[in-house]
*Asks:* 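My structure is below; once you've seen it, I'll send some questions.
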4 protein chains.
Amino acid sequence: MAKSAFAKDRLRSFVERVERLEEEKKALSDDIKEVYAEAKGEGFDVKILRQVVRLRKMDKADFQETEAMLDLYLSALGMR
Amino acid sequence: MAKSAFAKDRLRSFVERVERLEEEKKALSDDIKEVYAEAKGEGFDVKILRQVVRLRKMDKADFQETEAMLDLYLSALGMR
Amino acid sequence: MAKSAFAKDRLRSFVERVERLEEEKKALSDDIKEVYAEAKGEGFDVKILRQVVRLRKMDKADFQETEAMLDLYLSALGMR
Amino acid sequence: MAKSAFAKDRLRSFVERVERLEEEKKALSDDIKEVYAEAKGEGFDVKILRQVVRLRKMDKADFQETEAMLDLYLSALGMR
């Protein structure tokens, strides 16, 4: 197979592999949206839920230090 | 189960369902990175590959119209 | 001036006006980075500072409601 | 001034300096939106205009190389 013909096949193969994986990712994103919609239906606040999911990704010590610092700064500014 | 105890379980269940789905999504993102790394290893330009994947998502007529307009504007500015 | 020649001038004028405004915006972004760098030099935590700036953009009632809800959810999950 | 009182003033000063700069940035963003709205009013395609502004930020050699590679890949996939 001529070099450029070989490259075309490899190019198409890479592009199509990425596209299949991105489709699977899109399906998971839709599933996540469904979970949040279900939670909203039961009265949960989706914005806060998303924030909780983000915070749970933090290492515990980092989380506690961030909480303490934020509390210090917000109190210093009269926001808490 | 007292209402608040029931809410706690539902909250935890929603959070953990989202976390499992996000883990699956992360695994797919890693797979996509691997495909691009493999393509790079074979001499393909990853930035251009990503752009091609983005462009292939466009409806064909939109893609062609965008190409024509971009050509018109870039030529008018002496960039093509 | 032929229509297309007229369009070229208008196109260039719009592009250059946007570019000048974006340059000014870039300068302000650099100024903001300098303020954070100065704060860091005095021992402040830049990540928390950025979070405080974001929170201060919120309407007071929204801020307090968000804080209360987050506290409720985090406590329910044993994170506070 | 007790150390913590000193810190409060410094904290407030940094936050307020950032806020003033962010306000100026917001005003410039609004100006940019106005230029694009004006261009749209004269029949220009704003999405393409934004793309042109982005491409003009590229170094000329990079821009030409990117164009050539994209052309090669899109042609190989039958999109050009």
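Throughout, protein chains are lettered first and strands after them, A, B, ... in sequence-line order, and every chain is numbered starting at 1.
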*Asks:* If I take atom OG from residue D:Ser13 and atom CD from residue C:Glu38, how far apart are they, to the nearest 0.5 angstrom?
*Replies:* 7.5 Å
*Asks:* Can you name the residues of residues 43-50 of chain C that have some heavy atom under 4.5 Å away from a heavy atom in chain D?
*Replies:* C:Phe44, C:Leu49
*Asks:* Return each pair, listed once, that meets ring-ring contact (aromatic ring centres under 6.0 Å, His included) where at least one residue sits in residues 23-43 of chain D; pairs must be two or more places apart or across chains.
*Replies:* none
*Asks:* Of all the residues in residues 21-34 of chain C, which have a heavy atom that comes within less than 4.5 Å of a heavy atom in chain D?
*Replies:* C:Leu21, C:Glu22, C:Glu24, C:Lys25, C:Leu28, C:Ser29, C:Asp31, C:Ile32
*Asks:* Using only non-hydrogen atoms and a strict under-4.5 angstrom cutoff, which residues of residues 51-75 of chain C touch chain D?
*Replies:* C:Val52, C:Val53, C:Arg56, C:Lys57
